[in-house]
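A short worksheet on the structure shown next.
Hydrogens, waters and symmetry mates play no part in the numbers below; they use all other heavy atoms, side chains included. Sequential numbering from 1 along the given sequence is applied to the chain's residues.
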Amino acid sequence: MTAPPMLAAGTETDHPPAHDGRFWDSIAVAVTAPRSWLIALAVALLGGVVIGLAGTNEAGTRSPEFLPPSSESARADAAARQFPGGDRTAAILVVTRSDGGVLTPADLAVVTQARNRMLTTVGTPGTPAPMVTSDDGRAALAPVPLSADLSGFVLNDAVKAVRNAAGDGLGAPLVAHVTGGPAFGADIADSFSGANIKLLVVTALVVAVLLLVTYRSPVLWLVPLAVIGVAEQVAAAVGTAVAGITGLTFDGSTSGITSVLVFGAGTNYALLLISRYREELRRNADHRKALRRAVRMAGPAILASNATVVLALLTLILAVVPSTRSLGALAACGLVVAALFVLVMLPPLLALSGPRLFWPFVPRPGSADTVDTGLWHRIAERVAQRPGLIGGVSVLVLALLATGLLGTTIGLSQTEQFRVKADSVTGFDTLATHFPGGLADPTVVIADTSGTSAVQQAIDTTSGVVSATPTAQSAAGKSSWSVVIDAAPASDRAFQIVAALRDSVHTADPAALVGGSDAKALDIRDAATRDRLVVIPAILAVVLMVLCVLLRAVVASLVLTAATVLSALAALGLGGWSSIHVFGFPGLDNSTPLFALLFLIALGVDYTIFLVTRAREETAEHGTRHGMVRAVSATGGVITSAGIVLAAVFCVLGVLPLMVLTQVGVIVGLGILLDTFVVRTLVIPALFALIGPKIWWPSGTDDRAPQSPHGPAAAIGGRHRR
């Protein structure tokens, strides 16, 4: 079937794309040629080799590492290893009666036997620390040393063994829990067991359903889903290899977020490419030529979008929190793989299959073009007619949503990190009920033995310290103290006492170290605050730089960056408010604001690039205002589909056990929907209509009126057109 003459302007010979160049010409020809399927086969085989060489990611079961190695509490942990028994950490057995009664001498004898079984199971040498009974007589605790080098599934197996040993023969009405640092680590590893597989399955199902709804084809959705699925597996293998080379930590949360990003961003890239392919099929009867033009036109936007997110992720390397650093590097690798597969593997498969993939809605030359018709065209026209009112109201709504941040608490305790209850959390809560705040998990002070008297006095005179007991001396001339404070774990008061204790002992011994769980929590909070102050400006600088390079327009870049930031703050405010008042979370995790803003800003710019690169393409012939109307008309459907897919994929993070991942999923999901339906559809078109051709300064554009007198420019009114 021959294309009608009226469509000739859409062919690649009569209407050369603005982004044409030798590079994209070569890529487009290579991946759409009759034998391009060989390229797809080669990429698939190479991916299989990478997966085989990388092996399994055993670190994917580890809990995230939030404590910076340079922090004082981390250095205290390292120094503690120099003391006798310093290579061990304590799991804590806590026993109560189910009826809430006082423990009898017979009960305490049973607890002692349980602790002895646990010690036998782990083979702990030496004399164990004594069992302690609470002042009310209703609880008993006994520490059980475990190797400090255990992690992941090995740690989980060890903790399971001691829990089984404690429970064997305990009998009613006694109830036992095992808590402490090793127990928390084991419960996280256990909850990640199979979680990433579940995440992949749920994510793939969500993407499959949404692609099926988007394309309304029983076949087409299989192609992009297969490509992205292979890309995710290759990305995981590349991440494992990079982690091994660089020493970064590829923990369970990093693995989960990377999978979600690869599926989400990869699906977005595929949607953009296939949408442009479908549009070109309405103008060109030769499906390979249509696909070639689609690759040339969508390829630069996909590459620019990918580069923006990758560079934004790489700014996380500036962070001091280990898990944040690893996420930046490993997720960036994953997104590079996703873009490579979509640009190099997907087009050959589309070329091999031809337009029949779209059955039963096969696009044909002369069929309706969405650039000048449809829902999105009508919305864009309405925005262009009243940009001040629509843009002003939209910005006001976003600003009001951002105020939700004002009442949002940031910072969770160790027990609040889990989205579901675990035995370690229950045991810790039991300890907090029956024992003083710092007794179960004392603060640790390490100082030079030569100054023990001065350090002891400094500790004793610190407000909030209940007791300070010298515990050991090392061969390196160091002494340690076990310090009990009168504050709930990881509370603001506990942080104040630890900070005051550090000031006191540093005065007595500048080389002294204060560690322990409360000190770690304080250092993690301070590190997260520092990372937000450093990384967020770096993300904004990267986004602004990429937009300036891509658009060659300073005004547009500044306007688009400001709109993206406002949208991200609105999502964070809405997500923070709903996390506390709707979902009942105690607050946002320390890492949530940084991760949420990163993904909201970087992924939000994805849609900005998709929209504005198309607007620039249309502006050269149709003018700024009408060019944006045509851009919204052309991309509205694909951006909406991509936004819904990405929002749904991020919400899937809720299947993972950590509170921070659930919160990031909720906030980013809400933010992407705001970005899709408000910012890209209303705010940006309104700003372009208000500013007019000056938006492209200093590069400028050919802002001619459209040739047809019946287009949106005529409806807007020629004398008002900008």
Side-chain angles (χ1 to χ4, degrees), residues 59 62-92 124 129 143-152 154-155 158-159 179-186 188-189 247-249 251 319-326 413-414 417 424 428 438-449 455 459 468-485 489-490 494-495 497-499 501-502 505-506 509-528 530 590:
R62 294 179 182 173
S63 58
E65 293 185 16
F66 297 119
L67 185 66
S70 60
S71 65
E72 184 171 337
S73 55
R75 289 183 284 123
D77 272 357
R81 288 178 171 267
Q82 302 174 4
F83 291 86
D87 59 343
R88 295 190 169 268
T89 182
I92 300 173
T124 303
V144 177
L146 296 174
S147 172
D149 296 325
L150 299 178
S151 63
V154 178
L155 174 62
V159 172
T179 186
F184 279 104
I188 291 176
L248 295 171
T249 305
D251 55 62
V320 296
V321 174
S323 284
T324 303
R325 288 171 55 85
S326 66
S413 67
Q414 188 176 30
Q417 299 291 335
S424 54
F428 195 90
L439 180 61
D441 196 0
T443 299
V444 177
V445 175
I446 298 175
D448 287 336
T449 303
V455 173
I459 297 172
T469 306
T471 53
Q473 292 185 352
S474 71
K478 299 287 185 180
S479 295
S480 64
W481 287 260
S482 177
V483 180
V484 177
I485 63 176
F495 293 159
I497 296 173
V498 169
L501 183 60
R502 283 176 170 172
V505 299
H506 289 164
D509 179 1
L513 299 171
V514 177
S517 295
D518 287 327
K520 290 178 182 177
L522 174 61
D523 290 339
I524 290 171
R525 185 198 68 176
D526 291 344
R530 177 264 178 201
N590 283 313

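Contact of the Ile446 side chain with the Ser480 side chain is registered, since non-hydrogen atoms from C-beta on lie closer than 4.5 Å.
Going from atom OG of Ser71 over to atom CD1 of Ile524 covers 8.0 Å, rounded to the nearest 0.5 Å. The OG atom of Ser70 sits 9.0 Å away from atom CG of Asp523, with the distance rounded to the nearest 0.5 Å. One distance of note links OG1 of Thr324 with CD of Glu65; it measures 11.5 Å at 0.5 Å rounding. Atom CG in Leu501 sits 8.5 Å away from atom NE2 in His506 (nearest 0.5 Å). For the atom pair OG (Ser479) and CD (Gln473), the distance works out to 4.0 Å, reported to the nearest 0.5 Å. One finds the NZ atom of Lys478 at 3.5 Å from the CG atom of Asp448 (value rounded to the nearest 0.5 Å).
Exactly one residue among Val514, Thr471, Ile459 makes a side-chain contact (heavy atoms from CB on, under 4.5 Å) with Trp481. That residue is Ile459.
Considering every non-hydrogen atom in both Asn590 and Ala528, the closest pair reads CB-CB, 3.6 Å. In plain terms, the two heavy atoms of Pro68 and Ala527 that are nearest each other are CG-CB, 3.5 Å. In terms of heavy atoms, Leu522 sits closest to Ala499 at CD2-N, 4.3 Å. Between Ala90 and Pro143, the closest heavy-atom pair is CB-CB, 4.1 Å. The nearest pair of heavy atoms linking Pro182 to Ala91 is CG-N, 4.0 Å. Among all heavy-atom pairs drawn from Gln82 and Ser474, the shortest one is O-CB, 3.6 Å.
Thr449 places a side-chain N or O within donor-acceptor distance of the main-chain N or O of Gly477, the cut-off being under 3.5 Å.
The side-chain hydrogen bond (donor to acceptor under 3.5 Å, both in side chains) check on Thr179 picks up nothing, with sequence neighbours excluded.
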